[in-house]
Every structure is written in structure tokens, then in C-alpha cells.
Amino acid sequence: MSLEALNERVRTDLAYLAFGGASWVLPADHPEGHVYDVVIVGGGQSGLGIAFGLLRERVSNILVIDENPEGLEGPWETYARMRTLRTPKHLTSIDLGIPSLTFRSWWEAQFGPQGWESIDKIPRGDWMNYLRWYRSVLRLPVINEVKLKLVEPSEDGIHRLHIEGTGAPSDRLLARKVILATGIQGGGEWHVPSMIRDRLPTRLYAHTSEPIDFEALKGKKIAVLGGGASAFDNANYALSAGVAEVHVFVRRTELPRINPIRQMEGSGMIERFPTLTDAEKYAVMAHFFKHNQPPTNDTFERASSWPGFRLHLGAPWLDVEAAGDRAVVTAPQGRFAFDFLIVSTGLLTDPALRPELRLVERHIARWGDRYKAPEHLANPVLDAHPYLSPGFAFLSRDAEGEKKLHGLFAFNYSALISCGLSASALSGMKYAIPKIASAVADQLFLDDRDEILGRFFAYDEAEFVGEWPKKEASATESA
Ligand SMILES: Cc1cc2nc3c(=O)[nH]c(=O)nc-3n(C[C@H](O)[C@H](O)[C@H](O)COP(=O)(O)OP(=O)(O)OC[C@H]3O[C@@H](n4cnc5c(N)ncnc54)[C@H](O)[C@@H]3O)c2cc1C
């Protein structure tokens, strides 16, 4: 099978499912212009999958916006530096149960079933190519180089989205529902310890999520701070790019070995997580946070096979300072001078960190507002996560915020405590996307319920046109 043949199969499958039926949502009027039923912010795998999920719900007056140029959404070809995805290749996600839309179908259309057998995990660049294909074969309504700057809530149920960028059709969009599919850092920000931020000029360090000029680091000596998967991805990437020495510093005395995601994938924990009580959800996520995701075995093997690889365990950074062109790091093992530092210390989640939410964030209910964790589990990092509805909607901590937050949904990593590993990890998407699509459609329906029910009760269009007694029959009888 070729890609053209696969495209045809997708079209046939969708036709068999009567995909593309007319929207049932009542159009909304606004003096300022067109009102989208839903604007999805973020054109990564989540945004694309949700767009498809909404179209299946026959909610079609939708738009996806993404700040990046077309084809460069998400981390895959920007700052991700691993060779393959970490996820098992057989996991399905944004295909939403349609076999011809799976990564495997797309892969086999090009490389055959044997090609599928021959790969262990999904090559990173190919995952991005698959996302490009998915967007194009489904003709999803995405515009690129459009950044959401601010959500301006209104009392009439229509949000003004202030946007900018070379792809922006104007300076604002109007939307009844807004889904923030803004990625792993989209519920907060990447975290650089203040010791580094305050004491070093930015030319001496970068977070793993930033572009790094590895060409300029050829032959140099650098350090990576962190013991998770990204730390080793970056170490390996740097060494492959010709960096002479990479020292990885890990606070723990042993590398993390357990990957709780693998347990969750097999035990029902991902798909059934939303049925747990708040106490159980919190306890699960407190446990999850204790285990940083370990490096994959192949990445560790590759990185540690380079002669320039060094690993320092039990080696938190106690101090950093700039000394001429170099950064000097103090760890319990001594002082080390490096040409550059790569910081792999993860992210922080808190709606207060999001500029686009600044008009509404004070109303957003957090876990700390709704649940008091027992002392041995309580963690301010977990407490700062938004307390979302089972359908990913922000909830208000006060009466004033209820209208303002109505119609705002968070399908990013900040949903972790409320909805489990759903947004921002492939493992949960096939369960989470239908959930958010259905929750958004429910809300659109309920918002218009008076009108919709009124139309139902007033409906008087005749469908049945038969007559009795039949005209010819009664004429024959009387003759
Ligand atoms: C380095 C790395 C490796 C990962 N590897 C795996 C893996 O192997 N397996 C796995 O299951 N998960 C992995 N993940 C986790 C997750 O799958 C990815 O983060 C994935 O990209 C999430 O998809 P998404 O669509 O939710 O977010 P993203 O792919 O990040 O897409 C969000 C998009 O929204 C855009 N955006 C954000 N804010 C705005 C705004 N205000 N206006 C307009 N656009 C905006 C972003 O620029 C981005 O293009 C990895 C994550 C990272 C960071």
C-alpha cells in the first residue's frame, strides 16, 4: 500500500462512519464578528486530536491556532533530542479507534508490515511527519504563527482571544469555548532553579526546552543538571554532535529505575483514573511525582558509551558562578568548570504562571482549595494544579469567576491531578480526547438548551406523507 492508497482508505473509513455530518450547534451572533464554537489553542497532537474528536461530534465551527510555523508544532522537531519516542510503538492515540489513522497504518503504507516489525520504537522525526499527515488527510482547520496572548472573558458566554503573529487574521478571535491544548509546559512554565537564573548570564546555560547551538559547543565541556529522561537525551545528543565531555549531575544517589507510566498503561489506571476519589487521585499523583521518568535503556546505553560521558550521582549543585567564559559549578564532589550548562529540571504547573490567563487565574480553583491532603502526602506543587471537572473544564473558586471561567478548558499537563495521565502523554489520549470532545459538546448543548428545547417542542414538520384511505382505493370502492 502507498500513502495515496492509505489516504483513500481513510476517506472510505470516514465515509462509512458518516463523518462530516452537518453541525447541530446553533450559530452565535456577535456585533464584533464571527464567533467560533470552539477555538483550540495549540496544534500539537492534542489540539489536532481534539479537533478531530469535535468534528466527530458534529461540532465543526472550530479553529486550531498554533504559534509555530506549520509542521513545527510541539517539541518533536524543535527541542526534543531523543532518537525515538519513549512510548511503546503499539500505543494508539489520536486515531480515535480508526485503524487507517493509526501511526502503524501510516508507517506500513510506506515501509510495509516488515518495516513495522523492524522498528523498536517510533523515530522522533517520523512521529512529527505522522502528525503532519494526520492534519492534512483530515483537513483540520489549523492556522499557524498565531499566538494567544490573552483570554478576555465576557459575561455573555463569548470569550475574546487576543492574538498576534504573522498568521493572525486579525488581533482577536471570538469563541464560545476555548481549549488550551498548549502542551506539557502549557499549564505553567519550564523550571530553571533561581540559583542558576540569578547568578549566570543566559549565554552560559539553557533549559532543555530551549534551542541550543550544539555546533558552537563542539569540542567543549558541558554539564547537564537532572536525572530524568531528558537529561540523558540531551547528553547523548550533545556527545553525538561532537561535544567533547558531558557531565550529568544527579541529586539522587541512584538513578530512577521505575517508570510508573508503564505500570499505569497496563493496569487500567490511565483509562479509569477519573473514577477515583480525590484522596486516591492525590495519593496516586504524589507517588507518581516521586518517580522521575527514568532514561530509556537505549538512550542511557548510547550516552554512557561515549568516552566523554561522566555521571555524578549524589551531586546536587550547591552553587554556580560565572568565571570568565565558563560556568563554575560546586557540588559535594568539588568544583567543576564548564563551557555551558544544560538544565533539565522539569516544569512547574500553576495557572498563575500563564500570561494568557492573567484576567481569570485568581478565580481558578486549585487542588489546594478543594482537597486537604494528609501531612505525609501534602505537596505545594500538587496543590497548585487546577482542580478541573472530569471534562477538563476550569472550575471557579468563587461566584464571581463562574461566568468568566465558563467555557475554558485545560487539556495540558496541568490536568494531571484531576484527570490523570490524559493530556500531554500519548498513553492517555485515546481515552481523554473523546472525553473532552464530549464535555465541550455537552456544554454547547446545555448553554443553548432553552432554544434547543423550545425548537423541539415547537417542531411540526411532517415527515410522514402517506394517506388513508388511499386515494385510488377509495375511488375504486365508490365506482
Ligand atoms: C522532550 C519531550 C519528549 C517527550 N516524549 C514523549 C514520548 O516519548 N511519549 C509520550 O507519550 N509523551 C512524550 N512527551 C510528552 C507529550 O507527549 C508531549 O509533550 C507532546 O508534545 C504533548 O502534545 P500536546 O499537543 O499536548 O502539546 P505540544 O505538542 O507541546 O503542542 C502544544 C502546541 O501549542 C503551542 N502553544 C502553546 N501556547 C500557545 C499559545 N499561547 N498560542 C498559540 N500556540 C501555543 C505550542 O507552541 C505547541 O506547538 C514528551 C515531551 C517532551 C517535552
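Atoms within each ligand, like the ligands themselves, are counted from 1 in listed order.
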Chemist: Can you name the closest pair of heavy atoms from V59 and A441 and give their distance?
Modeler: CG2-CB, 4.2 Å
Chemist: Over 60° means perpendicular and under 30° means parallel, so tell me whether F103 and W127 are parallel, tilted or perpendicular.
Modeler: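 Aromatic pair F103/W127 classed tilted.
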Chemist: Are H34 and Y36 an aromatic pair, judged by ring center distance below 6.0 Å?
Modeler: yes
Chemist: For a side-chain contact (heavy atoms from CB on, under 4.5 Å) with H191, tell me which candidate from T345, T349, L353 qualifies.
Modeler: T345
Chemist: From the options R86, R83, K121, select the one residue that forms a side chain to side chain donor-acceptor pair (under 3.5 Å) with D298.
Modeler: K121
Chemist: I'd like the atom pairs linking ligand 1 to the protein - N or O on both sides, separation under 3.5 Å - with distances to 0.1 Å.
Modeler:
from     : atom 1 : to   : atom 2 : distance (Å)
ligand 1 : 8 (O)  : R86  : N      : 2.5
ligand 1 : 8 (O)  : T87  : OG1    : 3.3
ligand 1 : 9 (N)  : T87  : OG1    : 2.3
ligand 1 : 11 (O) : T87  : OG1    : 3.1
ligand 1 : 11 (O) : L426 : N      : 2.8
ligand 1 : 17 (O) : Q45  : NE2    : 3.1
ligand 1 : 23 (O) : Q45  : NE2    : 3.4
ligand 1 : 25 (O) : Q45  : N      : 3.1
ligand 1 : 25 (O) : S46  : N      : 2.8
ligand 1 : 25 (O) : S46  : OG     : 3.3
ligand 1 : 26 (O) : S46  : OG     : 2.6
ligand 1 : 36 (N) : E67  : OE2    : 3.3
ligand 1 : 41 (N) : L148 : O      : 3.1
ligand 1 : 42 (N) : L148 : N      : 2.9
ligand 1 : 44 (N) : E67  : N      : 3.1
ligand 1 : 47 (O) : E67  : OE2    : 2.5
ligand 1 : 47 (O) : N68  : ND2    : 2.8
ligand 1 : 49 (O) : D66  : OD1    : 3.3
ligand 1 : 49 (O) : D66  : OD2    : 2.7
ligand 1 : 49 (O) : N68  : ND2    : 2.9
ligand 1 : 49 (O) : G74  : N      : 2.8

Chemist: Hey, is R172 close enough to E32 for a salt bridge, meaning N to O under 4.0 Å?
Modeler: yes
